[in-house]
> 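Sharing a structure, written as structure tokens. Questions coming.
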Amino acid sequence: MRPLEIESLGFSYEDGTVALENVSLSLERGEKVAIVGPNGAGKSTLLHLIAGFRMPFTGKVLIDSQTLTESSADDLRKMVGLLFQDPDDQIFMPTVEEDVAFGPRNLRLDDIDGRVSKGLRSAGVETLAKRKPHKLSYGMKKRVAIAGIMAMDPNILLLDEPTSGLDPRARSGLIKLLKGMDRSMLIATHDLEAAAEIVDRAVVLNVGILMEGTMRDLVMSRDVLERAGLEIPPVSRLFSVLGSMGYSVDALPVSMDQAVAQLSKVIDREGRHIHAHVHEHDHKSVESSQ
Ligand SMILES: Nc1ncnc2c1ncn2[C@@H]1O[C@H](COP(=O)(O)OP(=O)(O)OP(=O)(O)O)[C@@H](O)[C@H]1O
Ligand SMILES: [Mg+2]
């Protein structure tokens, strides 16, 4: 049973704005998928629809094989955790710890204290437990909102721009956390490098789906990048330039980790090559001196 299936989904806002058209995608259990696309592509709308926050839509959304309807939305919402793009839409309790406890309490889950400390720890905000959320900085609020989602430990994670506004250390901590989680997730993001670290697959959205594939496929697809207004990360650009200079580059890395892995293979290969040459040379010079 797939945790999420979406068939020919379409949605327009009351003012007539068409936000999504004929979107079909599914998530396997434990699969992580990035939703990328320009501003206004419908990424947030898509996540809100799946979380049961917007109706009516055309097409079908199935969560654990159950059809999402107005009457099933309350029940199905328990299975999905949505991290809002703007943390101010998410946090509203007087203290951080109460805010993180709100979700699990609302779902009547057990071990609230344990869940709260786990959530706070996973987002690295234990020290903020007693603070007033609305007095925190944007990045700190974002981390508190992440703590709240983690405390609920939902089956499907829907993360809307999870890395935006985070400082570098918090960003890499979050990447590590999400990468290590054995959970199905959809991540709407402009952060292609983070996505490359975390996800198995990417979906390029611009009202409709433009492409589906790996992040490496995506950075090699100039036409899609152009149509989706996406820029490839500097590390991919570097390899692309090396490729055009004649160096053999079979696939473009998207993240620094991928680049290091790719480069160390080349260095390894070339290193051995150089080593072999030197060896051969030594051998010859020994022979000629005899
Ligand atoms: N409440 C609303 N009423 C009318 N139109 C809306 C509303 N919210 C979003 N839209 C429109 O729906 C479209 C999709 O917006 P959405 O916020 O889903 O895009 P996005 O891909 O998340 O963009 P971003 O990268 O800026 O977060 C846009 O054209 C937007 O203007
Ligand atoms: Mg958005």
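Order of listing sets the numbers, starting from 1, for every ligand and every atom in it. Since this is a predicted model, take the numbers as computed values, not measurements.
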> If you measure from the Lys or Arg side-chain nitrogens to the Asp or Glu carboxylate oxygens, is any gap between K141 and D88 under 4.0 Å?
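Yes, this pair counts.
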> Establish whether atom 30 (C) of ligand 1 and some protein heavy atom are separated by less than 4.0 angstrom.
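Given the 4.0 Å limit, the answer for atom 30 (C) of ligand 1 is no, no protein heavy atom qualifies.
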> For residues 119-133, which residue pairs pass the salt bridge (Lys or Arg N to Asp or Glu O under 4.0 Å) check, not counting sequence neighbours?
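Listed by first then second residue: E97-K130.
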> Centres of the F239 and Y247 rings: under 6.0 Å?
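They do not qualify: ring centres at least 6.0 Å apart.
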> Where is the nearest protein heavy atom to atom 12 (O) of ligand 1: which residue, which atom, and how far?
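The protein heavy atom lying closest is Y13 CE1, 3.3 Å.
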> Could you tell me the residue and atom name of the protein heavy atom closest to atom 21 (O) of ligand 1, and the distance to it rounded to 0.1 Å?
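Result: K43 NZ, 2.8 Å.
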> For ligand 1, is there an atom lying under 4.0 Å from some heavy atom of A188?
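False for this residue.
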> So, do F84 and L82 sit near enough that their side-chain heavy atoms are less than 4.5 Å apart?
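Touching, per the 4.5 Å side-chain cut-off.
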> I'd like to know if the side chain of K142 and the backbone of E161 have a donor-acceptor N/O pair within less than 3.5 Å.
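Present.
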> Does CG in N106 sit with more than 12 non-hydrogen atoms of other residues, nucleotides or ligands closer than 6.0 Å?
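Yes, the 6.0 Å shell around CG holds more than 12 heavy atoms from other groups.
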> Check ligand 1 against Q85 and write out every atom of the ligand that is under 4.0 Å from a heavy-atom position of the residue.
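Per the distance check, 27 (O).
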> Between L46 and ligand 1, which part of the residue brings a heavy atom under 4.0 Å of the ligand: side chain, backbone, both or neither?
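No part of L46 is near ligand 1 at this cut-off.
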> Identify, for atom 13 (C) of ligand 1, the protein heavy atom at the shortest distance, and state residue, atom and that distance.
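Going by distance alone, atom 13 (C) of ligand 1 is nearest to G40 O, 3.7 Å.
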> Would S72 and D75 satisfy side chain to side chain donor-acceptor pair (under 3.5 Å), going step by step from the backbone distance to the final call?
CA-CA 6 Å; S72 69; D75 260 354; over 6 Å; no
> Using distance alone, decide if ligand 1 has a nitrogen or oxygen within less than 3.5 Å of any nitrogen or oxygen in G37.
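No, since none of the N or O atoms of G37 sits under 3.5 Å from an N or O of ligand 1.
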> Which heavy atom of A41 sits nearest a heavy atom of L205, and at what distance?
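For A41 and L205, the tightest heavy-atom pair comes out as CB-O, 3.3 Å.
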> Which heavy atom of the protein is the closest neighbour of atom 17 (O) of ligand 1, given with residue, atom name and distance?
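The closest heavy atom on the protein side is S44 CB, 3.8 Å.
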> Does ligand 1 have a heavy atom under 4.0 Å from the side chain of T17, from its backbone, from both, or from neither?
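T17 to ligand 1: side-chain contact only, backbone stays beyond 4.0 Å.
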> For the Mg ion (ligand 2), which protein N/O/S atoms fall under 2.8 Å? Skip waters.
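Protein N, O or S atoms closer than 2.8 Å to the Mg ion (ligand 2): S44 OG, Q85 OE1.
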> What do you reckon, does E14 put a non-hydrogen atom under 4.0 Å from ligand 1?
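No.
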> Show which atoms of ligand 1 fall inside a sub-4.0 Å distance from at least one heavy-atom site of P38.
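By the 4.0 Å cutoff, the relevant atoms are 21 (O), 25 (O).
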> What distance separates R143 CZ from L174 CG, expressed to the nearest 0.5 Å?
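Interatomic distance, R143 CZ to L174 CG, rounded to 0.5 Å: 9.5 Å.
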> Within the 4.0 Å heavy-atom shell around H190, which atoms of ligand 1 are there?
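Here the atoms of ligand 1 in question are 25 (O).
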> At less than 4.0 angstrom from any non-hydrogen atom of A41, what atoms of ligand 1 do you find?
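Listed by number with element: 19 (O), 20 (P), 21 (O).
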> If you take the nearest heavy atom of each of D160, T45, N39, L20, which one is closest to atom 15 (O) of ligand 1?
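That would be T45.
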> Under 3.5 Å between any N/O of G42 and any N/O of ligand 1: does that happen in this structure?
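Yes; at least one N/O pair falls below 3.5 Å.
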> What verdict does the side chain to side chain donor-acceptor pair (under 3.5 Å) test give for S71 and T69, after you've listed the backbone C-alpha separation in whole Å, the side-chain angles of each residue and the deciding distance to 0.1 Å?
CA-CA 5 Å; S71 55; T69 60; 3.2 Å; yes
> Step by step, work out the side chain to side chain donor-acceptor pair (under 3.5 Å) result for S44 and Q85.
CA-CA 7 Å; S44 297; Q85 183 165 355; 2.7 Å; yes
> Determine whether more than 12 heavy atoms belonging to other residues, nucleotides or ligands lie under 6.0 Å from atom CD of E7.
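Result for CD/E7: enclosed.
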> Quick one: do R171 and D191 make a salt bridge, cutoff under 4.0 Å?
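Salt bridge between R171 and D191, a charged N being under 4.0 Å from a carboxylate O: yes.
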> Within the structure provided, determine whether M79 and I156 are in side-chain contact (heavy-atom separation under 4.5 Å).
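M79 does not reach I156 side chain to side chain.
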